[in-house]
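Hydrogens, waters and symmetry mates play no part in the numbers below; they use all other heavy atoms, side chains included.
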Amino acid sequence: MIPGTTIKIALITDVTTSGQINLDLARSVAGQFPAIDFIELNKLTATQLTDRLKQLEGDTVVLALSFFRDPEGKIFTHRESMEFIVSASPRPVYTVWDFYMAPGALGGKLLSGRSQGENAAALAGRVLRGAQAGSLPLIDSPTEYTFDYAGSTAS
């Protein structure tokens, strides 16, 4: 990075409740990173998102939080969503979800739905065997750095 320049991260979120929760979480930590300019690509139709992604400057990266339903009601599967974002974005695309990895996405520190489910099942099993739910430890969501360096076609 060139001294005095600002890093730009375009945050993609959709109209879903979970998308808005994730955006609120991102907003809550954004102040801890004053050198980063966060650009919200929020509640856009697929066409609007494509247009906005194509306008991003060269020093911008994309962080796909969610794009499963647009305001016009178009629904995307996890795979379709990331393939759409990657194909529309000339900039590198990162994510925070393991199920969002698709060809062309670089990755990130990914939450694992499978690991979350396994942890929840283990805790439920302990409760079913008599453990008091209030006595069980708080478990952080499991994350793992996952990168597909060959996946990036962005310049």
May I ask you to test the [X]-[Y] pair for a side-chain heavy-atom distance under 4.5 Å?
| X | Y | result |
| --- | --- | --- |
| Ser89 | Arg52 | no |
| Ile12 | Val62 | yes |
| Leu136 | Val127 | yes |

[X] side chain vs [Y] backbone, donor-acceptor pair below 3.5 Å:
| X | Y | value |
| --- | --- | --- |
| Trp97 | Leu110 | no |
| Arg129 | Gly125 | yes |
| Arg91 | Gly58 | yes |
| Thr95 | Ala64 | yes |
| Ser87 | Glu83 | yes |
| Thr50 | Ala46 | yes |
| Ser135 | Gln132 | yes |

Taking atom [atom1] of [X] and atom [atom2] of [Y], what is their separation to the nearest 0.5 Å?
| X | Y | atom1 | atom2 | result |
| --- | --- | --- | --- | --- |
| Asn119 | Ile139 | CG | CD1 | 5.0 Å |
| Leu63 | Leu41 | CG | CG | 10.5 Å |
| Leu23 | Glu40 | CG | CD | 4.5 Å |
| Leu111 | Asp140 | CG | CG | 10.5 Å |
| Gln55 | Thr60 | CD | OG1 | 11.5 Å |
| Leu49 | Ser81 | CG | OG | 8.5 Å |

Classify the ring geometry between Phe99 and Phe68 as parallel (under 30°), tilted (30 to 60°) or perpendicular (over 60°).
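It falls in the tilted class, 30° to 60°.
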Check the orientation of Phe38 and Phe33. Use parallel for under 30°, tilted for 30 to 60°, and perpendicular for over 60°.
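Plane angle over 60°, so perpendicular.
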Applying the 4.5 Å side-chain criterion to the ILVMFWY set and letting contacts propagate, would [X] and [Y] be lumped into a single cluster?
| X | Y | result |
| --- | --- | --- |
| Ile36 | Leu56 | yes |
| Leu11 | Val86 | yes |
| Tyr145 | Leu106 | yes |

Contact summary for [X] and [Y], nearest pair of heavy atoms:
| X | Y | answer |
| --- | --- | --- |
| Met82 | Ala102 | CG-CB, 3.7 Å |
| Asp70 | Leu44 | CB-O, 3.5 Å |
| Ala26 | Leu65 | CB-CD1, 4.4 Å |
| Gly107 | Met101 | CA-SD, 3.3 Å |
| Thr143 | Lys109 | OG1-CE, 3.0 Å |
| Pro71 | Val15 | CG-CG1, 3.7 Å |

State whether a side-chain donor-acceptor pair under 3.5 Å links Gln20 with Asn42.
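Distance-only check passes for Gln20 and Asn42.
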Looking only at side chains, do Asp14 and Ser66 share a donor and an acceptor under 3.5 Å apart?
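Side chains of Asp14 and Ser66: pair found under 3.5 Å.
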Under 6.0 Å between the ring centres of Tyr100 and Tyr94?
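Between Tyr100 and Tyr94, the centre distance exceeds or equals 6.0 Å.
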Does this structure show an ion pair linking Asp51 with Lys54, if we count only N-O contacts that are shorter than 4.0 Å?
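Not counted as a salt bridge, because no side-chain N and carboxylate O are separated by less than 4.0 Å.
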Charged N-O contact under 4.0 Å between Glu57 and Lys8:
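Yes.
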Count the heavy atoms of every other residue, nucleotide or ligand shown that sit under 6.0 Å from CD of Glu80, and state whether that count exceeds 12.
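Result for CD/Glu80: enclosed.
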